[in-house]
Q: 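Below you will find the structure I want to go over with you.
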Protein chains: 2
Amino acid sequence: MSKGKIVSFETTREVHDRCLCFATQRAARALARRFDAALRPVGLTSGQYSLLMSLNRPEPPSLGAVAELLGMDRTTLTANLKPLLRNGWANSAVDPDDRRGRRLSLTAKGRKVLTAALPIWRRTHAEIDAALPPPLAPRALQAGLRALAVPEGVAGR
Amino acid sequence: MSKGKIVSFETTREVHDRCLCFATQRAARALARRFDAALRPVGLTSGQYSLLMSLNRPEPPSLGAVAELLGMDRTTLTANLKPLLRNGWANSAVDPDDRRGRRLSLTAKGRKVLTAALPIWRRTHAEIDAALPPPLAPRALQAGLRALAVPEGVAGR
DNA sequence: ATATCTTACGTTGATATCAACTCAATATTC
DNA sequence: GAATATTGAGTTGATATCAACGTAAGATAT
């Protein structure tokens with residue numbers, strides 16, 4: 001009771017009402033739980049689904065490129081890749097043109113899992129879209145989340 | 001090449017453009033990184049800040065109540081609490097009225113850390129708010145995220 | 001009062017997340 | 001061509017996340 005004032009309960013309410021970081025974390029947890037449950041029948045988590053989906057492209061991407069797309073640390077991606085490689089869904093091969101790098105690709109088995117998961121994603125996501133209150137268009141939310149995901153906060157840089 | 005069709009690259013683009021789960025996870029990671037960096041001087045992570053803040057209330061809440069408020073699993077909260085208890089920022093005491101339960105409270109030290117963190121939160125959050133493109137009002141985003149965080153998806157059970 | 005049920009937590013095991021550090025291959029500079 | 005810088009990944013250590021399982025206290029039924 002010497003230096004600074006104590007944070008009031010009013011302030012606590014303000015933080016919980018306004019903090020986009022907190023709101024985003026909470027929504028992220030809820031959505032992950034929901035998709036985890038929906039995708040369980042095909043043996044995927046929500047994160048694994050997103051990761052596998054981002055490997056489904058004409059040219060096998062590098063690890064760094066995928067990490068940037070997903071907005072996650074490279075080392076996190078390395079860790080997340082392990083279960084996919086272990087299950088034989090994805091492949092990681094040294095890039096012959098630049099032996100520092102690796103090229104990530106889906107295996108036939110991975111494509112099969114992804115094919116099985118797609119209708120589940122469509123159904124679950126349609127439910128979520130449909131249940132959003134009218135003024136909260138899914139596309140607007142998408143745009144907002146995209147803005148929040150910009151590296152240096154939001155301002156760009 | 002017998003059973004199902006292969007997921008096309010077009011579909012992959014559709015998923016990445018529309019998936020609110022993916023967009024929310026990515027935004028959550030970006031915001032957590034940003035607040036983690038901003039709060040580092042006071043020794044808090046973004047999650048620890050939110051948790052400490054939610055303990056700042058007149059009546060010491062139970063563990064379950066806090067978990068529900070934060071939208072996280074009870075066992076996750078137990079884990080997240082450990083560093084706070086270890087640092088002497090929070091206290092967990094058996095509820096005398098119901099010895100199954102526990103009451104979580106801030107210590108004087110915890111209040112002090114929270115007081116130091118508050119102006120950092122205000123500054124960082126103001127930056128984020130200010131940088132959101134005009135049509136994406138922070139309050140609208142808040143509402144959207146709140147809707148997404150409803151347990152049973154969005155529809156409310 | 002005893003047996004059963006429910007509630008509030010904790011523990012364990014698997015995965016996710018990132019900062020800090022290290023290593024190896026390529027690129028640049030001199 | 002040797003020294004330095006840059007780039008692409010992996011490793012380690014700390015925390016976060018949740019499902020599955022376990023435990024103890026309170027509530028209910030018989």
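Naming: A, B, ... by sequence-line order, numbering from 1 per chain.
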Q: Just checking B:R99: base, sugar-phosphate only, or nothing, at a heavy-atom cut-off of under 4.0 Å?
A: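 Result for B:R99 = sugar-phosphate.
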
Q: Tell me: CG of B:D98 to P of C:dC9, nearest whole Å?
A: 8 Å

Q: Does C:dG10 have its OP1 or OP2 closer than 4.0 Å to a side-chain nitrogen or oxygen of B:T78?
A: yes

Q: A:L106 and A:I120: same hydrophobic cluster, using ILVMFWY side-chain contacts below 4.5 Å?
A: yes

Q: With the threshold set at 4.0 Å, does a side-chain nitrogen-carboxylate oxygen contact exist between A:R34 and A:E127?
A: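 Here A:R34 pairs with A:E127 in a salt bridge, since their nearest N and O are under 4.0 Å apart.
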
Q: Looking at CZ of A:R26 and CG of B:L145, how far apart are the two atoms once the value is rounded to the nearest 0.5 Å?
A: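 So the gap between those two atoms works out to 9.0 Å.
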
Q: Which residues within residues 52-61 of chain A lie with some heavy atom under 4.0 Å of an atom in DNA chain D?
A: none

Q: Can you find an N or O donor on one side and an acceptor on the other, under 3.5 Å apart, linking the side chain of A:R102 with the base of D:dA9?
A: no

Q: Do you reckon A:L69 sits in the same ILVMFWY cluster as A:W121, going by side-chain contacts under 4.5 Å, direct or chained?
A: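 The answer is no; the residues belong to distinct hydrophobic clusters.
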
Q: Between C:dT7 atom P and B:R74 atom CZ, what is the distance in whole Å?
A: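 Computing the B:R74:CZ to C:dT7:P distance gives 11 Å.
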
Q: Quick one, B:F35 with B:H125, criterion side chain to side chain contact (heavy atoms under 4.5 Å, CB included). Give me CA distance, side-chain angles, the key distance, then yes/no.
A: CA-CA 9 Å; B:F35 279 94; B:H125 205 275; 4.0 Å; yes

Q: Indicate for each nucleotide in nucleotides 14-19 of chain D, in 5' to 3' sequence, whether protein heavy atoms under 4.0 Å reach the base (B), only the sugar-phosphate (S), or nothing (-).
A: -SSBBB

Q: Which of these passes salt bridge (charged side-chain N to carboxylate O under 4.0 Å, His left out) with A:R103: A:D97, A:D98, A:D95?
A: A:D95

Q: By nearest nucleotide on DNA chain D, pick out whichever of A:K82 and A:R100 is the more 5' one.
A: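 Its nearest nucleotide being more 5', the pick is A:R100.
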
Q: Out of curiosity, A:L52 CG to A:N56 CG, how far, rounded to the nearest 0.5 Å?
A: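 The CG atom of A:L52 sits 9.0 Å away from the CG atom of A:N56.
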
